[in-house]
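Structure first, then comments.
Please read all numbers here as calculations on a predicted model, not as lab measurements. Chain letters run A, B, ... following the sequence lines, proteins first and then strands; every chain starts at 1.
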Amino acid sequence: MKPIFNSTPAPEPLDDLLAAALHGELTAAERAALDARLATDPAARAAYQETQRMHDLLEKNHREAQPDPAFEERMIAAVRRKARAEKEHRETAWESVMVLWRGLGRLVRGRSWPEYAGALVVLLVLGVVAFGPIMAGIRKAKMPEGQARSLAFLSWASPSAAETQLAQTKQKEEYRETGMVIAPPDEPLAASTPPSMITDESKKAEAFADTGAPTGPTASPAQLFQSHAVNLESNEFASHIQYGAPIASTTISTTPSFKTPQSHHSPGPDLAALRPFGLDPNQVTTSPADAAPSEPAHPASTPAATEPSRKLIRNAQLDLEVKSYEQAVDDITVLTKADGGYVDSSSSQRGGNGKLQGTLVAKVLPENLDAFLLRLRGLGEVKNQSISTDDVTRAYYDTEARLDNSRLMEKQLQQLLQRDTGKVADLLQVERELERVRGDIESMQGQLKLYDFQVQYATVTIALAEKDLNQAAAYLLQEHDTFSLFARNVEEAFQQAKAAAGTCQAEILSADLQHNAGQDETAQFVFSVPPAQIDAFLTRVRALGRVENFVRTTRRVANDGGDTGTPADQTRTEKDRVQVEVAIRADDESPRQQTQLAVASTGDIDAQARQAKDDAAVNGAAVTASSFDRAPDGTETAALTFRLPVAHVAALMTALEKLGRVESLTVARRDGPDQPAADDNAPAQIDLQLHNVPAVRFQDEPPRQQTQLAIVSTGDVDAQAQQVKADALQTGVTVTGSSFQRAPDGTEEAALTFRVPLGRAAAFTAMLEKLGRVESLAVQRNDVPGASGTDPDAPAEISLRLHNEAAFVADDRGLWPTLRRTFGGGIAAFLGSVQTIGVIVAYLLPWAAALVLAAWVGRRIYVSRRKR
Amino acid sequence: MTLMSAPSRDEPAPRPADPAREADAATVAAALAGDEAAFEAVIRAYGRRVYAVAYAVVQDAAEAEDIVQETFLKVHQGRTRDAANFTAWLMTVTRNAARDRLRRRRPQASEEVFHALPDDPGARPGAELARREGRERLRRALGALPEDHRTALTLRYLEGLDYRAIEQTMGVSNGALRGMLGRALGTLRRMPALAEERP
């Protein structure tokens, strides 16, 4: 036999002998020698006594750790259970495959080929429609990194496991035929004794009643054990057996004589449905067809019993307004204890107004949650309540399944390590993988424990607040005034405002007087005025000048920072000192009357502008701005601004209007609210714009007359257009646009736009008409109201379209090119359809081939079985 | 000499290994081939020995039971077909599983949080504490021994196997086993921590 444990070098002979003596393993000769030595050697005797003491200590200690008498039975049952749980999903998958196989064979047998072909088409369509989404769904595997698949592969790859499983499948089929049930696996020598047979549900119920099953005080039998099936993947099923109440389950599992009737479940085709419950998880056996799926549940499984198998985390949140915080906390503590829970944590804080608020977290048993919440409502006014239930069933069992899988993976990896072959690097790789898998296992175990804890107790978070928690103790009215003051003399106003502040007991929080670079002076004040004096103060300050932009804001604030919402009746409201911000500026008196005058002159603009300036001097007006501008087109413009008393405006205007034709006149008057309406000395302003009349007006003036002329030329269009342009330039007509184009069919077209003074438009048009045959002529006139209808200087626009007749027919028209184009288009469409059909065939052909192959193989197998 | 006469028993082992617990090669082979009855027989025959080896490593009864289940699950899954070296295989698997457990045991904080239940108020704290402390001291002392020594001790004291059975289980010679047990007891009795310990 290969040594497993490293042997150690020989120790002191005495120790060996003493140990062997105490263990009764000495030969007669050795014993005699030892006895002799002990008789003579006191040190050896002492050593013997010490060793014996150690021997006794070890014996006593290990006696306590010895496994109980039911150890073997427990181990056998547990191993069986684990093995079954692992095998079950594989089995189910295998049976599904077999059923499909047989069904296919039955379907395929004895059909004619047209029927096959029809079925194939239907299957193809169904396959494409149905399997697409399924395949997409499978891709969203729950197992990370394809763990599940690799594990499944490893298990399938183990030949002995597969054989065992096949044997068991057969065994189950036999049982199914005879209506028998598999014996409880933890019954001693179960394999050699006939299986106990319980075939109908009423017998089970009787047997159950007779056993007097020791149920815990808090759990009904149905709650003790639940089995639950989870559909892991489309073809993977796992069964989970879960202990509802740990105390009760311990009682049962450690009582070897305790016998319970077996229950038999049908994981069957619809595993997703909740299965009936068994009494002892060790005895839960599964057999695919020993019970109809519609069979009523086990007597123990009342409808309520379906709930405990779900993993529900219940949480509630309650906002309570109570009279006394302390009293409420005491009451809640009592209520919590009564409902089998405890107060997990609490915190409180006292507000500025002496009211208490705080939060309590209570844990109660989930089944008592609703009653508990009802009782809580009696403690005060419920402001808000929410109950949430988080169903972690799926996550829980997913985690459990992944845990099982990870454990399996771990085992496989360990086995790899044990084989002890291969390179060190490989072994290290396996070690690393093992480490990772173990990390996963630990985190999943932790997650499950956390779930268990959360499921075990419902969490109730109670926010407690005493009544009128946010009521403020007192309020303040805060007033804030801002305005601008325009004064003739800023500095004087500044001093007077200061004086006013002194009289009205106003505090000057800030005062600021600035002399700016120009003549601008500004001053800023911030006053804090007692509420009683505010009106008197404002009256005095406002008298200093013209007030603009007066803004008053009033704010009510709680004295202690509490809620400003609804003041209680008894709350005091005080008026705070008023803050007044004043900005004093110089009142530079903008002109009371503004006149804008535009004059068109035929004379020399520059001279006329000088004349205007002279007129202004006579009338006591000051020229505040003047400009003169001559544009490239000969337009001259002079702009002059005069400032003068209102009384002299009329005289100056009379003088200015004599300069030429008045094009426009605008007078605007602005009277301040507290100024006398007729103040002859108030400032007025006159803006004069003086310009001459150019030969052809600016392009941006809309033409008074528009002429559209189309002429069919018989000569060379291009040459004629050039000629017209040259003529236009000579006669002072502006060409504002021109274009020339030659079409493929030989048509030539020139488009020209001219701008002409209205007086010369008719003559120019007549000249143009000589170019060829007039095809069309349109004249449109736009008269501006108020403008002279016969102004010869007004602009007119003439658009000329000069073109010749088409020279020949283009080569892409006519019968033959059309036929050629039609034929080409047809060919292109045909090739496109060929490509589309090719793609469709490429999609479907592999499926069709696979289905035909499967049907053929199935039929062959079926036929060969029939023959046998 | 009365002192000497007490242990000088000719018949070996205070609790000799149950002959029924020896599984013959045929039973093992049948179990490995998938025979359920034989499989049960194998568990009955080797279960406690596997438990002892596991316990020697992890020093915890519940964990040791888990390891037993794991180990026999592997048998059930047919991880070995070699009936001749079955005992050696079984012990190796057990020992590896136990070592794995030991390595994984370190982060225990989260478990302790959830298992922190109030103590039974009826228990006498003093006596229980002393007993626990004594057990803990012995556990630590055993933990200081080499693993094979601990295994030999456990097979002897927990299972009451005689030397022959232990040799067979551990795959060592009689001399080596004597050396291990002698040295183990010698080390323990010289440990100061156990000097005051009374059985």
Side-chain angles (χ1 to χ4, degrees), chain A residues 1-12 15-26 28 31 35 38-39 50-51 53-62 65-67 71-72 75-76 78-79 82-83 158 160-161 163-164 167 189 191-192 411 414-415 418 438 442 446 449 453, chain B residues 1 4 7-9 11-14 34 36-37 40 43-44 47-48 51 55 61 68-69 72-74 76-79 81 85 88 91-92 96 100 104 107 110-111 114 135 138 148 151 153-154 156-158 163 170-173 175-176 178-183 185-186 188-189 194 197 199:
Chain A
M1 188 180 291
K2 189 177 100 185
I4 313 153
F5 296 88
N6 298 328
S7 52
T8 48
E12 286 177 56
D15 275 348
D16 294 6
L17 288 174
L18 292 177
L22 285 162
H23 295 150
E25 296 276 358
L26 286 184
R31 203 171 57 235
D35 284 350
L38 288 174
E50 275 182 20
T51 309
R53 186 171 62 79
M54 216 35 66
H55 173 77
D56 293 345
L57 185 66
L58 286 168
E59 269 205 326
K60 173 177 179 285
N61 203 275
H62 279 95
Q66 261 174 14
F71 172 77
E72 279 87 357
M75 290 303 111
I76 289 170
V79 171
K82 286 186 176 174
S158 167
S160 54
E163 279 172 23
T164 318
L189 299 172
S192 58
K411 282 174 199 158
Q414 282 168 4
Q415 227 184 6
Q418 283 158 20
R438 282 179 184 150
E442 275 161 26
K449 281 199 168 131
F453 182 72
Chain B
M1 193 165 218
M4 297 304 106
S8 56
R9 285 168 289 208
E11 297 314 311
E36 290 293 315
E40 283 185 17
I43 292 189
R44 284 179 218 287
R48 283 171 190 262
Y51 174 84
Y55 186 86
V68 173
Q69 292 171 20
F72 283 106
L73 188 62
K74 282 174 188 159
H76 192 264
Q77 288 165 344
R79 300 287 182 85
R81 310 313 288 290
N85 288 324
M91 294 308 147
T92 309
N96 284 336
D100 287 339
R104 285 194 335 232
S110 63
E111 295 189 18
F114 294 110
R135 254 204 324 255
L138 182 63
D148 50 351
T151 307
L153 278 181
T154 315
R156 170 70 208 178
Y157 286 101
L158 195 69
Y163 278 21
M170 294 180 67
V172 294
S173 68
R178 278 192 176 203
M180 282 183 212
L181 286 172
R183 198 163 170 151
L185 279 174
L188 286 179
R189 80 176 155 84
L194 294 179
E197 211 60 46

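In this structure, B:Gln69 contributes its side chain and A:Ala78 its backbone to no donor-acceptor pair below 3.5 Å.
The distance from the NZ atom of A:Lys411 to the CG atom of B:Asp100 is 11.5 Å, given to the nearest 0.5 Å. Note that the NZ atom of A:Lys60 and the CG atom of B:Leu138 stand 9.5 Å from one another [nearest 0.5 Å]. Residue B:Arg189 holds its CZ atom at 13.0 Å from CG of A:Leu58, rounded to the nearest 0.5 Å. B:Leu181 contributes atom CG, which lies 11.0 Å from atom CG of A:Leu22 (distance to the nearest 0.5 angstrom). One distance of note links OG1 of A:Thr51 with CG of B:Leu185; it measures 6.5 Å at 0.5 Å rounding. One distance of note links CZ of B:Arg156 with CD of A:Glu59; it measures 7.5 Å at 0.5 Å rounding.
Only the side chain of B:Tyr55 comes within contact range of chain A, with heavy atoms under 4.5 Å apart. Using a 4.5 Å cut-off between heavy atoms, A:Gln414 contacts chain B through its side chain alone, with no backbone atom that close.
Summarising the geometry of A:Ala19 relative to B:Gly182, their closest heavy-atom pair is CB-CA, 3.6 Å, with the distance given to 0.1 Å. The two residues B:Tyr163 and A:Ala20 make their nearest non-hydrogen contact at OH-CA, 3.6 Å. Closest approach of B:Ile43 and A:Met75 over heavy atoms only: CG2-CB, 4.1 Å.
Counting heavy atoms from C-beta outward, B:Glu36 and A:Ile76 have side chains that stay 4.5 Å or more apart.
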May I have the step-by-step check of side-chain contact (heavy atoms from CB on, under 4.5 Å) for B:Leu188 and A:Arg53, ending in yes or no? CA-CA 10 Å; B:Leu188 286 179; A:Arg53 186 171 62 79; over 6 Å; no

Begin from the C-alpha positions of B:Glu40 and A:Glu72 and carry the test side-chain contact (heavy atoms from CB on, under 4.5 Å) through to its verdict. CA-CA 9 Å; B:Glu40 283 185 17; A:Glu72 279 87 357; over 6 Å; no

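Ring orientation note: the planes of A:His62 and B:Tyr157 are close to parallel, at an angle under 30° on the 30°/60° scale.
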